[in-house]
There are 2 protein chains.
Amino acid sequence: MTPRAWTVGVDFGGTNIKVGLVGPRGDVAATRVMETARLRRPDAFVDGVAGAAAALAASVGVPARALRGIGVGAPGPVDSERGIVNFLVNVPGWRRVPLARLLARRSGCRCVIDNDANLYALGEWRLGAGRGARHMIGLTLGTGVGGGILLDGRVYRGAAGAAGEIGHMRLTRGGPRCGCGQRGCFEAYVGTAAILRAGRRAMRPGGAIARLAARQGRLTPRVIGRAARAGDAAAREVWDGIGQWLGTGLASLLNVFNPDCVVIGGGVANNWSSFGPAMRRAVRAQAMSVAATSARIVRGRLGDRAGILGAAVLVWETE
Amino acid sequence: MTPRAWTVGVDFGGTNIKVGLVGPRGDVAATRVMETARLRRPDAFVDGVAGAAAALAASVGVPARALRGIGVGAPGPVDSERGIVNFLVNVPGWRRVPLARLLARRSGCRCVIDNDANLYALGEWRLGAGRGARHMIGLTLGTGVGGGILLDGRVYRGAAGAAGEIGHMRLTRGGPRCGCGQRGCFEAYVGTAAILRAGRRAMRPGGAIARLAARQGRLTPRVIGRAARAGDAAAREVWDGIGQWLGTGLASLLNVFNPDCVVIGGGVANNWSSFGPAMRRAVRAQAMSVAATSARIVRGRLGDRAGILGAAVLVWETE
């Protein structure tokens, strides 16, 4: 294997920064995980990531400058073409940081960046559940709903790199409050806050949700997921409701984009078996028929490695 | 001017079929209008349109086969790449008609087709209010809300040619009933039926809306528009409400597509001065800020000629 076969992918999260060494077939050979809290400032981040990349490269006997490149997925709006992080939602101190240039100078190899939702979609398209799709939408379900749009196999970024804010698609003036300050966003119906709200309403003293929450110390989507898989009717209704809203939002997306594939990942997607059936029923009932039959709607396959792999794929796709 | 400078554009509507001879700068040199009722069947349509195209070409001294081509915008889902009309919403008897091939054979020149909403967007982008845009969304407001999406200057059609059903974007389970059978579609909030419903609620005996409706013989969006322009407060509130819903739907579109331009046309857009201010306020309040500032939102400029011109532009863009 030639030295340039190795790529480094960086998953820059609010809690951890995961740096992975990725082989040419999308295998993650080694990873390093660092706490975001220790590397909050841009210069510390650049030093930490360049150091981890060099160490990973050294572990397979090559210098960092012989890597195919370093890709970084950042949790906020990114000007990918110019390599600039505009700002980060949960990490203060990042304002128009030319991260690609800084990291390239420090590491000695080519660096490319994009926002994490775009890279989620790109990774699943090239290496995961979206392989072979022409027009694919990637969704990550968690605290928020992230969206990445791939048209003709390329990330669609819009006029100012701000496309894909699928979590903030809405078409109603009421509805639950969203983190963005609006009401009725897609994210406000299917994000973690909505799941917990429904879970609290469904919780009965002595019921499965209450028992599992007590054991866990608090109510989490995972707790409600476990209760549902254990057969608890109240928990299953929670996921049914989330699945219905997911299906309603997906129906809009299918009508507008007519994609051939939608890949859904993120932590909440671990409850696929609980929300999937209601989601599919809602899509079938609510999307226009051509749009509904065009699209396969599937669970992501890359799991925890999605961030690292998506960032590595960006390096490949921009060569 | 060489003979091949002339193009024929066909606007296939539910009431009329308009055939126009279009010069190289987008000037409509002559038109023929035929009743759709008389040319309902595909073979009659092909004969009628080929005959009109030949007559128009003869009027400038060239044979039909010397035209750059004939473009047709059809009111329903079209497989543009293969030149097939899948079906028409308001014209029975059209099921998978290979219109481009039939019309090319009958007329002796190249024929291309697409659905009318896509061609609306294409025409405004090349010749009208969308000139210079990179990513543009075209909306036509009328009985329904038609949508055409142009990304990097090309019509985005999706996996099966069904993309752009912006009128059926929704994210709520209640809301007014839509013609498609669902509830709460964008179209159900801003289409003609919604305008008339609000107009009926706002109508007071002796008020401007009631007087103008009596003179007209019935309530129409145009009547409510006239009452608003005459300063009637109730009519202005109707358009304010429509503008707010338009802005809510546009905010979703901006968040998802981040276009640099949205062009709005169709008959209802004649009330631009009445609904425009509320629409813009809603967009500013509800779209994410980068998305809102990226996009200019403008009224279409092609008016009645939009259908003919969009169809002619398709001929040019596919050369």
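All of these numbers come straight from a predicted model, not from anything done at the bench. Every chain is numbered from 1, with letters handed out A, B, ... down the list of sequences.
Listed options A:Gly161, A:Gly175, A:Gly184, A:Ala162 were ranked by heavy-atom pairs under 4.5 angstrom with chain B; first place goes to A:Ala162. Ranked by heavy-atom pairs shorter than 4.5 Å toward chain B, the options A:Ile149, A:Thr172, A:Asp260, A:Thr293 are led by A:Thr172.
Evaluation of the side chain to side chain contact (heavy atoms under 4.5 Å, CB included) rule for B:Pro277 yields B:Arg281 as partners, not counting sequence neighbours. Scanning for salt bridge (Lys or Arg N to Asp or Glu O under 4.0 Å) contacts around B:Arg280 gives an empty result, with sequence neighbours left out.
Remark: the backbone N or O of B:His168 is not paired with any side-chain donor or acceptor of B:Glu187 at under 3.5 angstrom. Side-chain atoms of B:Ser274 do not come within 3.5 Å of backbone N or O of B:Ala228 as any donor-acceptor pair. A donor-acceptor contact shorter than 3.5 Å is absent between the side chain of B:Arg170 and the backbone of A:Thr248. Using modelled atom types, one side-chain atom of A:Asn271 and one backbone atom of A:Val268 make a donor-acceptor pair closer than 3.5 Å. Between the side chain of A:Arg101 and the backbone N or O of A:Gly83, no donor-acceptor pair lies under 3.5 Å.
For a residue to count as touching a neighbouring chain, one of its non-hydrogen atoms must lie under 4.5 Å from one of that chain's; by this rule A:Ser294 touches chain B with the side chain only. Residue B:Ala251 does not touch chain A at all, counting heavy-atom pairs closer than 4.5 Å. Using a 4.5 Å cut-off between heavy atoms, A:Cys261 makes no contact with chain B at all.
For A:Phe257 and B:Phe257, the gap between ring centers is short of 6.0 Å. Taking the ring centroids of B:Trp94 and B:Phe12, they lie under the 6.0 Å cut-off.
Each of B:Phe186, B:Phe275, B:Tyr189, B:Trp239 was evaluated against B:Trp245; a single residue qualifies, B:Tyr189, per the ring-ring contact (aromatic ring centres under 6.0 Å, His included) test.
A salt bridge links A:Arg157 with A:Asp114: the closest approach of a Lys/Arg side-chain nitrogen to an acidic carboxylate oxygen falls below 4.0 angstrom.
Within residues 282-291 of chain B, the residues having any heavy atom closer than 4.5 Å to a heavy atom of chain A are B:Ala285, B:Gln286, B:Met288, B:Val290, listed by residue number. The interface of residues 117-137 of chain B with chain A, defined by heavy-atom distances below 4.5 Å, comprises B:Arg134, B:His135.
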Legend entry - A:Val263 vs A:Leu139, side chain to side chain contact (heavy atoms under 4.5 Å, CB included): CA-CA, chis, key distance, verdict: CA-CA 6 Å; A:Val263 178; A:Leu139 288 181; over 6 Å; no
